[in-house]
**Student:** 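So that we are looking at the same thing, I have put the structure below in structure tokens.
Note: hydrogens, waters and symmetry copies are ignored here, and every other heavy atom, side chains too, is used. Throughout, protein chains are lettered first and strands after them, A, B, ... in sequence-line order, and every chain is numbered starting at 1.
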Amino acid sequence: MGTVTMAKALNAALRDAMADDDRVVVFGEDVGQLGGVFRITDGLLAAYGERRCFDTPLAEAGIVGFAVGMAMSGLRPVVEMQFDAFAYPAFEQIASHVAKLRNRTRGALSVPIVIRVPYAGGIGGVEHHCDSSEGYYAHTPGLKVVTPATVPDAYSLLREAIADPDPVVFMEPKKLYFASADATLPVTTEPFGRAVVRRPGRDATLVAYGPSVPVALEAAEAARGEGWDLEVVDLRTIVPFDDETVTASVRRTGRCVVIQEAQGFAGVGAEIAARVQERCFHSLHAPVLRVSGLDIPYPAPKLEHVHLPDVDRVLDAVARLQWDDQPDPRWLAA
Amino acid sequence: MGTVTMAKALNAALRDAMADDDRVVVFGEDVGQLGGVFRITDGLLAAYGERRCFDTPLAEAGIVGFAVGMAMSGLRPVVEMQFDAFAYPAFEQIASHVAKLRNRTRGALSVPIVIRVPYAGGIGGVEHHCDSSEGYYAHTPGLKVVTPATVPDAYSLLREAIADPDPVVFMEPKKLYFASADATLPVTTEPFGRAVVRRPGRDATLVAYGPSVPVALEAAEAARGEGWDLEVVDLRTIVPFDDETVTASVRRTGRCVVIQEAQGFAGVGAEIAARVQERCFHSLHAPVLRVSGLDIPYPAPKLEHVHLPDVDRVLDAVARLQWDDQPDPRWLAA
Amino acid sequence: MTTTPPAVRRASPRTRRAAAPPDPARALLPSPQPVRLLDESGARIAVAGYPEPPTDSLRELYRRMVIGRRFDLQSTALTKQGRLAVYPSARGQEACQVGAVMAVRDTDWVFPTYRESMALVSRGLDPVEVLTLLRGDWHCGYDPAARRTAPQCTPLATQTVHAAGLAYGEAQQGRDTVALAFIGDGATSEGDFHEGVNFAAVFRAPVVFFVQNNRYAISVPLSRQTAAPSLAYKGVGYGVASEQVDGNDPVAVLAVLTRAVAHARAGNGPFLVEAHTYRMEPHTNADDASRYRDGAEVEAWGGRDPIDRLETHLRGLGVLDDAAVAAIRDEAEAFAADLRTRMNAEPTVDPLSLFDHVYAAPTPQLVEQREQVRAELAAAAENKEVAG
Amino acid sequence: MTTTPPAVRRASPRTRRAAAPPDPARALLPSPQPVRLLDESGARIAVAGYPEPPTDSLRELYRRMVIGRRFDLQSTALTKQGRLAVYPSARGQEACQVGAVMAVRDTDWVFPTYRESMALVSRGLDPVEVLTLLRGDWHCGYDPAARRTAPQCTPLATQTVHAAGLAYGEAQQGRDTVALAFIGDGATSEGDFHEGVNFAAVFRAPVVFFVQNNRYAISVPLSRQTAAPSLAYKGVGYGVASEQVDGNDPVAVLAVLTRAVAHARAGNGPFLVEAHTYRMEPHTNADDASRYRDGAEVEAWGGRDPIDRLETHLRGLGVLDDAAVAAIRDEAEAFAADLRTRMNAEPTVDPLSLFDHVYAAPTPQLVEQREQVRAELAAAAENKEVAG
Ligand SMILES: Cc1ncc(C[n+]2csc(CCOP(=O)(O)OP(=O)(O)O)c2C)c(N)n1
Ligand SMILES: Cc1ncc(C[n+]2csc(CCOP(=O)(O)OP(=O)(O)O)c2C)c(N)n1
Ligand SMILES: [Mg+2]
Ligand SMILES: [Mg+2]
């Protein structure tokens, strides 16, 4: 098919899912005539009509709650939250209903909805447009949390999310929307729950997901110059988590850095670090380190580069992996 | 003063804070005439009148947003969310305004409000009344997150929260409301950011907070029988976090179990485990283990005992701390 | 999709003054006083637009109210015996609870709150299944899909949005389902109520929003929820037809709800009904209502009993006599006795079922946790055996 | 605190029919057509209750609108030059932007959205400080406390609740501050709008909620936000007085807002105003409005220009002549030139300031992170020096 952007791949996934299953309906703010502010729903209204793709009143709790009701009627709603922070008004509906309805009813009701959330930064957006909110969802049992880093995954994971019997929070890294790759669509990649080694390496493992995967790959490339051969694992789905792939990699390499854009405290990266040290303790030559966003509100465009994990910061962390088997002096001093 | 319950200590803290500073106002659902469903605000309306303590319309985003506005006018609102899960409608106000207003305005506006959240389980409550939601707040930069486990701390930390220039999410462990202790009020305990060793021990450190502190203490007591001398650290404030006390303890004991009631995935316990292994790597004889709620929606009363960390589960984790310096076979098998 | 500037379609102000067009809002406003078809003594009042429901329906309404009240009293008693963890009573609200569910079909969907146990029993759900939540066995004891009844909703007002989505989804699939969403006066203050009614209005979804205004949200009086002349006046702001009704007048409740359901089913969009009523009991058995309302108020409302009112009316019509009333009371007693017996048996709930319905299939993480719990339970059972 | 059952204070239905009490809702309903004091040609229309504002005020209104529009055009131009990351234009909405802020005092509080840059400049805030957000330097460039102007709010409708709280807090402390909360038509669908208006109503907080209904929320037309006859009809459901106004009629906007502010300041509680207007530009410079509205519609609205309308009126009154108009235009040009110059200088923002205002004092975790960033920056600077 040639060169495809992630935005186009997501659009194709929606289009194909709607063609294959007429229970699939797409709605949200500006998803109809406009095709979404990122054009992910472009052309769906024209192709499938108002019944299948429509604009709603401007109210996120309403959108998610409406999707719950529509799912109860047998449909398969895919809703768009316009930006990460604008999903917060829907938090109660997501945490108290979407995540729990199957459990509350012992499986009598399911909520096969997909909540698409364009997230994270790196696009020079003003405040409230760049939050990395995956940690909130990953901490909420009953939700699956998925985030593609590649064009084929964008297509395949979104198709799987729509077909999944459970609610999926589908986190789309905004800064990758217009990154393109050679890809032939439709494509089926590894299923939910499987991480993928994007680059094999022997010396240390970089665990990343979504917008941090390209950073990890770039860092691994740069690390070659420093004599480090780094493995990069792309999680793809945060929930369910692929312990097997991550653990196998770290046991092999003996060192691990976890990368995420979100503020670090009590986020997904903390979970990964906690799991890895728990499961790979005797293989580790150094503590599992984390490179994450700072523990501050997302900064204004002019300073976002200071906040975001970049190649240098990743390499700094790699350098601290006690290659000489000496403890990190920072923590000894404390 | 003799025997005081935590509920009474919290009530006294509000009462004294209102007496000392007439900018302090208390409002929320049922906090006036009724004195709150847990009676934490009992008598405040009678003592200070409608201007200082009042019931609001039933709307949590409204309550928190109203508090933001009142704080802008120079007052110091203390608001009550009736139960943990019923704070979710306020999530946008908390994450996008309460947490960020100081930062957005370079300190020109501050939000010295206290959001009181009765939380966690163990009281046989029906669904949506027992969530452990501290992880969501701890993951949000700009919020302080505090949770007392003792009666003196309930008083002192709440007083400090009200006096603090920053917004504080004050998490009150419901199951401890009516636990009592000998205490003389007013009392000043250690300040925000200081963890306290509740029980010294040499063999391993149990890190706990809020409702899990009594479980940790009980487990430490029981562990004596098995020949383990366990130290118990009560965090008291989750944000700011006391790395110093926790790190010093684990470096001394060489082993650590983190206990929390909340579902484990990407919660506060993950952060603690990640930090501890990072900072104490060379002192650790075993991985940092976590005992937490299961990764499921909070269960109905009849099964909550299966969900909640209890003494047995803590002792099981302690037993897995590789006392014979052998790796945990569970993870080798994987 | 495009809009026309106002002046194009509107007469200029000067012309307007000459012949003002009818205010489109008028048709949406409720009656300025609650609709009442029986006065407090049980005598019939004629109100245009609200014909009296068929006598058979009224008799059935009476029967279900009597059983409903008996169920409610029994449930409160069960809390005292420790058989129920908590029970939010609907005593005093029988006309609303029963009238509303009688206005919808079995194929319609009902979205109840924690307060609607009586309504659900009246809809024919098994009372033991209804009480599963309040006994603490599981979150929902009945099959919502089979009974077309959502789980009783605790997070206030959230169910109104689900009702809008369900109703729209059903209509889109060519089914003539109506969704009946219950909500309390206090919960109308929540943002989700606003969004639920608005979504239903914009999509003309067939939803009846039924506000039982029992004057309190736990302890908080209506005056703290709204400064509006009545909650029914919220309808016009959404373009939704609305009505207010005396919620202790069973005939009026059934008549107004019947009209509302017909309006929705006919494709005219949602309908908002506010019923003025009163809960005679505390918020739940755990509440102490004496803290916030006085006995005189409760007593005054006791004098407006909905069952008495309907009984007087039906006796007047010759539809009920002493024997019929006694037979219905007997039926209610039998119902309560059966409930008591069945509630004495404590079902066991398999702890491992905790892992069954978090996802359609458990994640590897849950499989691990399940295995750990299984091992713990096995060890505990073994210890018991050794000890025993 | 206790409530009275309805029948005690209400006449029985029969009595009512004889002499129906006046509907308390009437007084809260808006005029069924938007208030208009100038027709499209600029001719004066008399409307009871809305006296024409003083001529001095109208002249000042005109002046600020001309400067406001010039500011707006300049800002849009700055996006093309890459000097601003994004700019949401208010062109076409000048009557609303300027009229509203002219109706309040400097001691009152204003709660603007992203759309109100023009309003803030008109309020006297430094345009460079206003544009700090959109240039991407920091989230808010002015001192909200000093200017009694909240940061421009992006999370829709959330500011309405802050306005209610601020107004109530001020009143409680004996100050006669009014809060003016701006909001768009789309944002009225959010739950927070409902809660903000309701809190203000219940606590009789002096807030003016000013809805600029510009008929679109980005691409979504008004018909997808509401089925109500007009957004102003939402007021009655909260017990809030309301009005609708022709938002392209500057005289009417100023008159209606002046009344609304007086109503609030006098202690009568909040007031809801809906202004019917239109944004002539896309949602922001990044938006492609041709995807959702056609040129004819835009053109039709262009013919209802608020500045032209007021200019005609003031020329008719003899308050403006060619020279005066030219002088104001010159002033606007000078304003724009000054803005251009000042926006050419890119301020540097200290990266370490990121840690300064997360809390009043940084946590130990932030101190650590700050130290790490400081070290990184020092290393980078050193590398640069070595390289350079
Ligand atoms: C979102 C949310 N906030 C708070 C509560 C706690 N709560 C349960 S019932 C109740 C009062 C509800 O009053 P109303 O809506 O009038 O219904 P009623 O109980 O009178 O039937 C409150 C505050 C809740 N369940 N959900
Ligand atoms: C809570 C929230 N959801 C979505 C958005 C994204 N968004 C920004 S402006 C806008 C449209 C707002 O329309 P309206 O309220 O009519 O104001 P206008 O832009 O027309 O002035 C949307 C959807 C947001 N800022 N906040
Ligand atoms: Mg009520
Ligand atoms: Mg608009």
**Student:** Can you classify the ring geometry of Phe66(A) versus Phe199(C) as parallel (below 30°), tilted (30 to 60°) or perpendicular (above 60°)?
**Tutor:** tilted
**Student:** So which residue, Pro362(C), Gly165(C), Pro144(C), ends up with the most heavy-atom pairs under 4.5 Å with chain A?
**Tutor:**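 Ranked by contacts with chain A, first place is Gly165(C).
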**Student:** To check you understand the geometry: which heavy-atom pair defines the closest contact between Met72(A) and Trp109(C), and what is its length?
**Tutor:** CE-CZ3, 3.3 Å
**Student:** Is it the side chain or the backbone of Phe192(A) that comes within 4.5 Å of chain C heavy atoms, both, or neither?
**Tutor:**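 Contact with chain C is absent: no heavy atom of Phe192(A) under 4.5 Å.
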**Student:** Once you round to the nearest 0.5 Å, how far does OH of Tyr168(C) lie from CE of Met70(A)?
**Tutor:** 6.0 Å
**Student:** Between Gln93(A) and Thr158(C) (side chain of the first, backbone of the second, donor and acceptor by atom type, cut-off under 3.5 Å), is there such a pair?
**Tutor:**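 Pair found, side chain donor or acceptor close to backbone of Thr158(C).
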**Student:** Considering only residues two or more places apart or on different chains, which pairs with a residue in residues 267-277 of chain A satisfy salt bridge (charged side-chain N to carboxylate O under 4.0 Å, His left out)?
**Tutor:** Asp243(A)-Arg275(A), Glu271(A)-Arg275(A), Glu271(A)-Arg290(B)
**Student:** Check Glu368(C) with Arg279(A), please: is the shortest side-chain N to carboxylate O separation under 4.0 Å?
**Tutor:**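 A salt bridge is present here (some side-chain N lies under 4.0 Å from a carboxylate O).
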**Student:** What part of Pro165(A) is in contact with chain C, defined as an atom under 4.5 angstrom from a non-hydrogen atom: side chain, backbone, both or neither?
**Tutor:**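 Contact with chain C involves the side chain of Pro165(A) alone.
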**Student:** Just by modelled atom types, is the Ala360(C) backbone N or O under 3.5 Å from a matching donor or acceptor in the Asp166(A) side chain?
**Tutor:**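 Yes, the answer is positive, given that a donor and an acceptor are paired below the 3.5 Å cut-off.
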**Student:** Where the side chain of Tyr359(C) meets the backbone of Leu143(A), is there a donor-acceptor pair that is under 3.5 Å apart?
**Tutor:**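 A pair under 3.5 Å: yes.
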**Student:** Check for a donor-acceptor pair, side chain of Glu92(A) on one end and backbone N or O of Pro155(C) on the other, with a separation under 3.5 Å.
**Tutor:**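 Not at all, since once roles are kept as given, no pair shorter than 3.5 Å links the two residues.
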**Student:** Side chain, backbone, both or neither: which part of Val239(A) has a non-hydrogen atom closer than 4.5 Å to chain C?
**Tutor:**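 Contact with chain C: side chain only.
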**Student:** Once you round to the nearest 0.5 Å, how far does NE2 of His139(C) lie from CG of Leu101(A)?
**Tutor:**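 Reported value, rounded in 0.5 Å steps: 11.0 Å.
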**Student:** Where does Ser96(A) contact chain C at under 4.5 Å (heavy atoms): side chain, backbone, both or neither?
**Tutor:**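 Just the side chain, heavy atoms under 4.5 Å.
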**Student:** Please identify which of these residues, Gln173(C), Gln172(C), Glu170(C), meets the side chain to side chain donor-acceptor pair (under 3.5 Å) condition with Ser73(A).
**Tutor:**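 Running side chain to side chain donor-acceptor pair (under 3.5 Å) over Gln173(C), Gln172(C), Glu170(C) with Ser73(A) returns exactly one hit, Gln173(C).
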**Student:** May I have all residue pairs that pass salt bridge (charged side-chain N to carboxylate O under 4.0 Å, His left out) and include part of residues 190-205 of chain C, sequence neighbours excluded?
**Tutor:**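 Residue pairs with at least one partner in residues 190-205 of chain C: there are none.
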**Student:** If you round to the nearest 0.5 Å, how far is SG of Cys140(C) from CG of Asn103(A)?
**Tutor:**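 So the CG of Asn103(A) and the SG of Cys140(C) are separated by 11.0 Å.
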**Student:** Between Lys100(A) and chain C, which part of the residue has a heavy atom less than 4.5 Å away: side chain, backbone, both or neither?
**Tutor:**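 It is neither, since no heavy atom gets under 4.5 Å.
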